[in-house]
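These notes concern the structure reproduced below.
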Amino acid sequence: MDLGIRNRAAVVMAASRGMGRAIAEALAAEGCRLAICSRDPEAIGSTAAEIREAHSATVFHRAVDVSDTPAVGAFVDEARQELGPFSIAVANAGGPPGGRFEDFTADDWTAAFRLNFLSTWALIRAVLPDMRAQRWGRVVTLTSTSVRQPIEGLILSNGVRAAVVGMLKTLATEYGPDNILFNNAGPGLIATDRLLSIAQRRADQAGIDREAMIERLASQTALRRVGRPEEFAAVVAFLCSEKAGYVTGTSTMVDGGLVKGV
């Protein structure tokens with residue numbers, strides 16, 4: 001399916017691996033011109049080179065810590081000089097550490113807020129003038145199934161990601177008249193380093209090996225398996241597309257039936 005976004009400029013944060021990389025690949029396959037970043041200079045450089053070769057795509061890349069809000073704005077400004085105004089933005093960042101309420105200080109909460117909320121805020125602030133000028137835009141945030149069903153042992157993520165969705169829902173109403181769509185995608189058990197880390201911590205607590213814990217987690221889904229990054233990326237690419245022109249203010253769970261609520 002042609003998603004109708006060929007030659008549009010798209011920015012994807014935290015794109016050197018996992019879901020971010022899969023999304024960048026999906027958008028490149030649709031003909032988008034890409035700006036991608038991650039904290040690791042070597043990893044993001046390798047990813048950019050591989051996407052260029054695989055898709056004959058234009059790819060701008062920089063090493064950026066997305067929790068540094070001025071750096072996010074500077075990255076978008078520099079990329080705009082190479083790619084032109086942005087039409088698509090995908091806000092992605094790693095998750096904060098796991099633990100319970102009493103494990104964390106005010107500084108821990110502040111760090112989580114900077115990583116997951118302010119990084120999203122900074123990206124939207126940077127691309128919004130482009131989208132308003134074009135009267136066309138797609139913003140997709142990556143959060144978690146925790147925005148529908150809080151995850152035990154991930155209180156920082158549960159709290160801060162819910163705030164992202166609240167902001168997004170408000171923006172969908174404020175900028176709907178400008179034809180700028182704001183949607184959220186919530187990954188469930190997707191095969192990424194983040195999942196391996198969570199599974200290892202829970203396995204250690206349960207006294208079993210990591211693979212057994214992953215199987216135990218996957219058994220909670222309707223499909224009884226872990227998802228692939230490219231499956232998640234396909235949903236995000238649709239939300240970024242012309243085809244999704246009447247979809248805004250939503251949170252779409254890509255979770256294999258993990259969330260039990262209707």
Handout entry: Test side chain to side chain donor-acceptor pair (under 3.5 Å) applied to Q200 and D204, step by step
Key = CA-CA 6 Å; Q200 186 65 66; D204 292 342; 3.0 Å; yes
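- Surrounding CZ of R194 are more than 12 heavy atoms belonging to other residues, nucleotides or ligands, all under 6.0 Å away.
- When side chains are defined from C-beta on, L217 counts as touching R202, because their heavy atoms get closer than 4.5 Å.
- With hydrophobic clusters built from ILVMFWY side chains whose heavy atoms lie under 4.5 angstrom apart, F86 shares a cluster with L171.
- To the nearest 0.5 Å, atom CZ of residue F104 and atom CD1 of residue I155 are 8.0 Å apart.
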Handout entry: Stepwise side chain to side chain contact (heavy atoms under 4.5 Å, CB included) check, I23 with N92
Key = CA-CA 10 Å; I23 292 164; N92 183 32; 5.9 Å; no
Problem - Step-by-step side chain to side chain contact (heavy atoms under 4.5 Å, CB included) determination, S146 to L154 - result: CA-CA 9 Å; S146 68; L154 293 180; over 6 Å; no
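- Between R161 and S144, the shortest heavy-atom contact is CD-CB, 3.7 Å.
- Nearest heavy atoms, P187 versus M19: CB-SD, 3.5 Å.
- The two atoms that bring M213 and A199 nearest to each other are CG-O, 3.4 Å, heavy atoms only.
- A 6.0 Å sphere centred on CD of E102 holds no more than 12 heavy atoms belonging to other residues, nucleotides or ligands.
- The closest donor-acceptor contact from the side chain of S219 to the backbone of R216 lies under 3.5 Å.
- A salt bridge is absent between R100 and D103: the closest approach of a Lys/Arg side-chain nitrogen to an acidic carboxylate oxygen does not fall below 4.0 angstrom.
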Practice task
May I have the step-by-step check of side chain to side chain contact (heavy atoms under 4.5 Å, CB included) for I44 and D40, ending in yes or no?
Solution key: CA-CA 6 Å; I44 198 64; D40 186 330; over 6 Å; no
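- Other residues, nucleotides and ligands place more than 12 heavy atoms under 6.0 Å from the CZ atom of R225.
- Residue T120 holds its OG1 atom at 5.5 Å from CE of M13, rounded to the nearest 0.5 Å.
- Not a single donor-acceptor pair under 3.5 Å links the side chain of R135 to the backbone N or O of N179.
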Practice task
Give the C-alpha distance, both sets of side-chain angles, the deciding distance and a yes or no for side chain to side chain contact (heavy atoms under 4.5 Å, CB included) between L142 and V90.
Solution key: CA-CA 8 Å; L142 274 55; V90 180; 3.6 Å; yes
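- Within a 6.0 Å radius of CZ in R224, more than 12 heavy atoms belonging to other residues, nucleotides or ligands are found.
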Exercise for the section: Start with the C-alpha distance between D255 and T145, add both sets of side-chain angles, then the distance that settles side chain to side chain donor-acceptor pair (under 3.5 Å), and finish with yes or no. Expected result: CA-CA 7 Å; D255 66 349; T145 55; 5.8 Å; no
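- Nearest heavy-atom pair across A35 and A79 is CB-CB, 3.7 Å.
- Put simply, the side chain of S197 never gets that close to the backbone of D193: no donor and acceptor are under 3.5 Å apart.
- Using a 4.5 Å heavy-atom cutoff, the side chains of Q220 and L189 are not in contact.
- At a threshold of 4.5 Å between side-chain heavy atoms, the hydrophobic network of Ile, Leu, Val, Met, Phe, Trp and Tyr places I124 and V165 in two separate groups.
- Residues L34 and H61 are not in side-chain contact: their nearest non-hydrogen atoms beyond the backbone lie 4.5 Å or more apart.
- Of the residues T252, V236, V235, L239, the one that meets the side chain to side chain contact (heavy atoms under 4.5 Å, CB included) test with N183 is L239.
- The closest side-chain heavy-atom distance from I5 to W136 is below 4.5 Å.
- Put simply, the side chain of M253 does not reach to within 4.5 Å of the side chain of L258, judged on heavy atoms.
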Practice task
Evaluate the side chain to side chain donor-acceptor pair (under 3.5 Å) criterion for residues E30 and S241: first the C-alpha distance (whole Å), next the side-chain angles of each, then the deciding distance (0.1 Å), finally the verdict.
Solution key: CA-CA 9 Å; E30 290 295 323; S241 75; over 6 Å; no
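- Here the closest heavy-atom approach between residue C37 and residue V66 is recorded as SG-CG1, 4.1 Å.
- Counting only heavy atoms from C-beta outward, the side chains of L196 and R210 approach each other to under 4.5 Å.
- Taking 4.5 Å as the limit, every side-chain heavy atom of N116 sits out of range of all side-chain heavy atoms of S157.
- Side-chain contact between F182 and M167 is absent, with no heavy-atom pair separated by less than 4.5 Å.
- H55 NE2 to C32 SG: the interatomic distance, rounded to the nearest 0.5 Å, is 11.5 Å.
- Residue F232 is not grouped with residue I198 when hydrophobic side chains (ILVMFWY) are merged at heavy-atom distances under 4.5 angstrom, including chains of intermediate members.
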Practice task
Evaluate side chain to side chain donor-acceptor pair (under 3.5 Å) for D108 paired with T105, printing each intermediate quantity in order.
Solution key: CA-CA 5 Å; D108 296 323; T105 66; 3.2 Å; yes
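- Between M131 and I180, the shortest heavy-atom distance links the atoms CB-CD1, 3.6 Å.
- Proximity of a side-chain donor or acceptor of E174 to a complementary backbone N or O of T170 within less than 3.5 Å is not detected.
- Of the inter-residue distances, the one linking S67 atom OG with L118 atom CG reads 9.5 Å to the nearest 0.5 angstrom.
- Of the possible polar contacts, none joining the R132 side chain to the Y175 backbone as a donor-acceptor pair under 3.5 Å is found.
- Separating the CG atom in L168 from the OG1 atom in T248 is a distance of 7.5 Å, to the nearest 0.5 Å.
- The line from CG of D65 to CZ of R39 is 6.0 Å long, rounded to the nearest 0.5 Å.
- Shown here is R201, whose CZ atom has more than 12 heavy atoms of other residues, nucleotides or ligands within 6.0 Å.
- The hydrophobic cluster containing V76 also contains L115, counting ILVMFWY residues as joined when their side-chain heavy atoms lie under 4.5 angstrom apart, directly or transitively.
- Hydrophobic clustering (side-chain heavy atoms under 4.5 Å, transitive across Ile, Leu, Val, Met, Phe, Trp, Tyr) keeps F101 apart from I151.
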